[in-house]
Every structure is written in C-alpha cells, then in structure tokens.
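I have placed the structure first, in the form of structure tokens, so that the comments after it can refer back to it.
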Amino acid sequence: MITRVDSTDHPLALQELSDRTDLTPKVIDEFLASRSFPLVEGNLVTFVFRGPADAVYLHQWIYGMPSAQPFARLKETDLWYLAQEIPEKSRIEYKLEVVEGRTHRLIQDPLNTALARDPFGANSVCHGAGYEVPDWTEPDPEARTGKVEEITIDSKAFGEPRGVSVYLPARYRPDRRYALLIAHDGGDYVKYSGFKTVLDNLIHRLEIPSMIVALTHPRARLREYANDENHAKFVVEELIPHLEKTYPLLDDPSTRGLLGASFGGVASLSTAARYPDAFGRLFLQSGSFAFTDIGPHQRGPAFDPVVEFVNSYRKRPFPLAEKVYLTCGVYESLIYENRSLLPILQSTGMDVRFVESRDGHNWENWRDTFRGGLSWLYPGPLWMVYE
Amino acid sequence: MRPITLLGPQRLKPTIIESVKALKIKGSIATVTAGWQEREDEDEELDEHLGGKTVNLRLYHRTAAIMKADPKLHDALRDRQNRLKELQKLYRLRLGHELQAARDLLAVEGDGDILLDQQEAALEDLRRLDQSHLHRVRRIHDDFEHEHSLDTHEEVAKHRAEVQKTLSECAALAVAGGHVAILLNRLRLLDVAKASKEMPLFLWSAGAMAFSERVVLFHDSPPQGQGNPEVLEVGLGCVKGLIPLPHARRRLRLYDRTRVSLFARRFQDSQCIAFDEGSHLRFDRKGKRDVERARRLLATGELEEMRP
C-alpha cells in the first residue's frame, strides 16, 4: 500500500496501477508513456525505474536523510518505485543506483529528462509541488542583452596572468558610471546558473541598475578561496584598480560588491574581512563557513584555513559591508553553519538578510536566489521608470 | 480643445505615427525624451518612425546647462528635491499602514452594513492621506516658485524662450517615457505645458503620467516590498480625470480582483486606465474619443475594454 500524505482522496497513480488485475508489460508501457516522472502528487513524490535489476536505490544529497534509499518492486514486474514526502516548492537533485549482480550503476533517471548541471556532470532533478523555474531566469526576447569582454590581469599576487570576464550591461556607455559586482567562479555562474541571462533580465525589468560584473575564474579554487591572502590582494589591489582604469565605475564602496557560493562565499567574506572598507555589498550563497566550538573539525584538510578564519571571525566579529545577503538551502549540510553565522553578522550592526530555500548545494539553487539578493543589494529604478 | 493622444509603450511596436496621421498633423513634431536621461539624444528610431520630422527639445541637456550656469539655482533645486524625497519617505510609512488596513478590511467576507461602512471608511482614509500628501507636495513647489521665480533666472529664461520658439515652429509635441520624476522636473523647469499651449500632444508611459493631474507610481510585484501604489507628485494637469497605467500587463496583477478593485476605488475620482503595447486613447479637437486596447480598472475588480 502506498500511503498518501495530502488531504485529497484521489488514489495515487501507482496504487491504481498496482490494483489492476491485468498488470502486463503493455499496461506498464502505457502507464509510463502517459505520465511524467517522478510522479508528483501533492507532497508525495514517487520515483520510478523500469528495467532488469536486483535492487534500485535513490541517491540524493539531502542533509539528514539516508544517502541511499531502496526502491520496492511492484509485484512481479520489472517496475521499481519509491514514494517519498517532498515539501512543496522543493527542488531535489538525485541519481539512481541500479544493482544487477555485482554491478552497481549510478545513472540519471531514464524517465526524467530534467537535468541540473554542475562542474562534475549532471543530476536528474525533481521539482516538488509548487516549484516553478523562475521566469526571470529564461531568455526574454524583449530584454536587451549585455556583452562579456575578456581581460587579462598580470597578477603579482598570483605571480601569473589571470583572465577575468567582464559583463557590460546592454546600452553600456563610457560616459556613465556603474556599480560593480565581483563574482567568484564567474564562469560557472554563467554556465550553470544562467547568470548573464539573469543579469540581462533583471536590468531590463529595472529591478537592478545597469551594472558591471567582473566574473573571476580560479585556478586552485580550494586554496585560493580559503581565506587566501593572495586572492584578496588580487581582487582588491589588482583587479579593482584595473577595472577602475578600464571602465567607468562609481567610486562609492556602497556600489561595490562581492558574490560567491560555497567556497566562493568564504572567498567573499574573507576578502571583505581583509579589506573592510572596500565593499558595501556581500552576496554569500551556501557559504562553506565551517567552524568548531571545541575539538577538530571533520571536513577534511581543505577546510583547515576556512575553520581557522571562521573561528577567528566568530570570536571577534566586525562590520565588513553595509549590507549582506546570506542564502542557504535547507537540504545542505551547510545550513547549520549559515544559520550560526547569521546572528554573528547581525551583531556587528550590518544590515543582514538571510534567506533559506528548499534546495541543495547547487547552481540552480544559487540561480533562484539571484533576484531577491541582487535587487536588495542593488535596488533598480523600477519604481520610477516607465519606458 | 487641445487634441491629446495617450499611447501604450512605444519601444517594441511604435504606433504613434498612426495617431499622427489620424489627426492629420502636418509639419514637424517636437519631442521630449528627457526621461531617457543621458540617452536623450538616442532618438533615431523615434525620429525614423515619425518620418524624420522630429525636433528634440533636449530638456535633459538644457537642464544640465542651466544647472552649470546657475549653481545657486542648482542648490535650491537640489534642496527642493531633498525635501520632496523626505516627504515621500514619511508618506510611504503612513501609506503602508493605511493600505494594510484597507486590504485587511476588504478581505473580510460579508456584505453587512457595518462591514461595508468600515471598508469605505478605510478607503476614505486612504484618499484623504493621498490628498494631504499632494497638498504638501504642492506647497513645497509653491514655496519654491515664490522664493525663486524661475523666469528671473537668466539661463532659465533663455532656454524657456528657445523651447517656446521651437514649439511655435512645430505642429505637435510628443513626450516619451523614462524616469518620471526627472522628466516631470525638466518639463516643469522649462515650462513646457504652458509653452505648448493648444498643441496636439502625443504622450506615452512616463510622458502620459507627467501630463496627468497627479503622478501615481505602481508595481504589484516588485522584487522587494509590498508594491504599494503611491502618489508621487502633482502632474502638469493637461490630461484630466485619468490615471495612466503604462506597461499594466507587466506591472500590475490585473487578474487579482482585490488589488484591481482597491486601486480603482482608492482613485475613484479618476479613470484608472491600463495601457499596453498597441493601446491608444485619443481625443480630437472636438473632444471626440477614439480608443483601442485601453482597459479601465473597475471598482468590481474587473477590467473593462474601453470603447470609442
């Protein structure tokens, strides 16, 4: 019996299938062809796999849930299923582990074409009831498009040249002055979070001002982003002066910001901590703000400098910017660290906004918080402009 | 009667030429694109659409020249703007509470006389707040005029005269949208409403808002805040009895009957009219109305397609 968890009395689709007396392969074929998967029925999501297998497991990266959950076989068929409660408006990334004899295959869901890409590949993605991909993340034919230029900084801090992509808004004019945002992992934001499309759309909608965004590309990411002095020096003493010489930037720190996700969040926070007067805006997404209250941490050596930095900042917090927009998915292990950081940031008098999403540690989660974060940090002229 | 044409947004599908032809306008058309700010001169598409017969009044650039030549006036205008900004901020605080009260009361189900009376009272409080705000805005402008009488400023007088001369050589005036406060301030500084006298007007977006009796800012789904429509300014008053709502499809939740009803009832002394691409509302010299795709917000929360 498959239990349903919402209040309607309509039987679940898989239960209806299970109740049939003529459960032939053809009936199953028709069932699969007539629906999209996973089956989302209220707050119950049923994952389905069909094929030869001795066992099937659901792998998802939800903090607090078992990492592998077994499917059940539907009677004597080759159809496997797992029904799971997924709170509304959730976004879940997952893979299926199919076991046949001694062979274990980790695969994308063959019945679901929706994929979420990240630097390591792609996962299947399940949208819980009520989740919709925000319309401002899709290309808008009415929106004017900005362009991306490539520049190279001959970096003394890193001892090598570093390429940076620079987003210039549509109708960019050299005789006008612009706010600046520096986005860590900028290339990945563009590739996996549709960042350029989002910027084009939000500027078109007047929800943020026309602004310049520097998209940085790390080489040794885990080292450079973990409170690295050279990285901070590169950003503040090399990149910004170069941008100031090349582009018409507003010179008020309140118009300068840092953006970063995961270790990029640490890079943003630690760079602002090393140069507390340089930035007025911080946008920290699922920051890897690991810390310890006692004893060693359990997150591996890459986190050693992070823990040292976060512990130090927690001990003696000080203001880093005027406004900080902090986000984290509730299905991430980092939710604890981010929730813990909130009161510490607030205690310094900074204007801090914290937003949780029903999502995991991925680029689409970070994409979905762009509108709220960017429009709060950099309010656009929406209210006054009627073109 | 001055012919007035209110149009939907013109960027993607310009339709102004159709109204120009319908009113049999011959000769050059003066244009105002000051709402585009530093892009004021980027009016090639508009000029091309109007057959290359436009003369841009360049109010944005003229204002910059006046400010440069007359720093005392510049300071005085900045001071006035700061006072208006502070007033707006405080009005907005009061407005948030009044609007919430009205929304809460309108959400109560029922049609008993006590409830209806309370709902109407909340709306009346809102109207009173809007009126008193407008009164205070007007007083700031009156005080400024009284103290600075703009015509006595040499640079202002010079540019006003030039604008007037250009207008006298044109057959109509077209005012585009953009930043509504920047546009309105420049129209006011250069005295365009008076200088354009009985000329036919073609107005869209912020241009239509600036020429109405009061400027109402609106957006039902901003990324931040509740999206409370607010009265910003006293308009130039050439367009009477209506509140133009440009880009209504994008900016308003027109399917939300409660919001539509509240808007229409709050501003019940005017017709609140939604303008989108392809809309127009035209009055000729005899006051005869022609309309296409303009929709009126009704107190019932519905939208009514306007008819000629």
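Atoms considered below: every heavy atom in the structure, side chains included; atoms not considered: hydrogens, waters and symmetry mates. Labels below follow one simple rule: chain letters A, B, ... track the order of the sequence lines, proteins then strands, and each chain is numbered from 1.
Between B:N228 and A:W383, the shortest heavy-atom distance links the atoms O-CZ2, 3.1 Å. For A:R371 against B:S221, the heavy-atom pair with the smallest separation is NH2-O, 3.2 Å.
With a 4.5 Å cut-off on non-hydrogen atoms, B:H179 touches chain A through its backbone and its side chain both. Both the backbone and the side chain of B:A181 come within contact range of chain A, with heavy atoms under 4.5 Å apart. Neither the backbone nor the side chain of B:L183 comes within contact range of chain A; no heavy atom of the residue lies under 4.5 Å from a heavy atom of that chain. With a threshold of 4.5 angstrom between heavy atoms, A:R173 approaches chain B through side-chain atoms but not through N, CA, C or O. Neither the backbone nor the side chain of B:Q10 has a heavy atom closer than 4.5 Å to any heavy atom of chain A. Only the side chain of B:L12 comes within less than 4.5 Å of a heavy atom of chain A; its backbone N, CA, C and O stay farther away. Heavy atoms of B:R39 lying under 4.5 Å from chain A belong to its backbone as well as its side chain.
In terms of non-hydrogen atom pairs under 4.5 Å with chain A, the most contact-rich of B:R251, B:H247, B:M209 is B:R251. Taking chain A as the reference chain and counting heavy-atom pairs below 4.5 Å, the highest number among B:E38, B:Q224, B:E230 is found for B:Q224.
Side-chain atoms of A:I208 and B:P223, non-hydrogen and from C-beta on, never get closer than 4.5 Å to each other. Side-chain atoms of B:H219 and A:R205, non-hydrogen and from C-beta on, never get closer than 4.5 Å to each other.
For A:D368, there are no salt bridge (charged side-chain N to carboxylate O under 4.0 Å, His left out) partners, not counting sequence neighbours.
Residues A:E387 and B:W36 bring no donor and acceptor atom of their side chains to less than 3.5 Å of each other.
Salt-bridge check for B:R250 with A:D135: failed, with every basic side-chain N at 4.0 Å or more from each acidic carboxylate O.
The aromatic ring centres of A:Y386 and B:F218 sit less than 6.0 Å apart.
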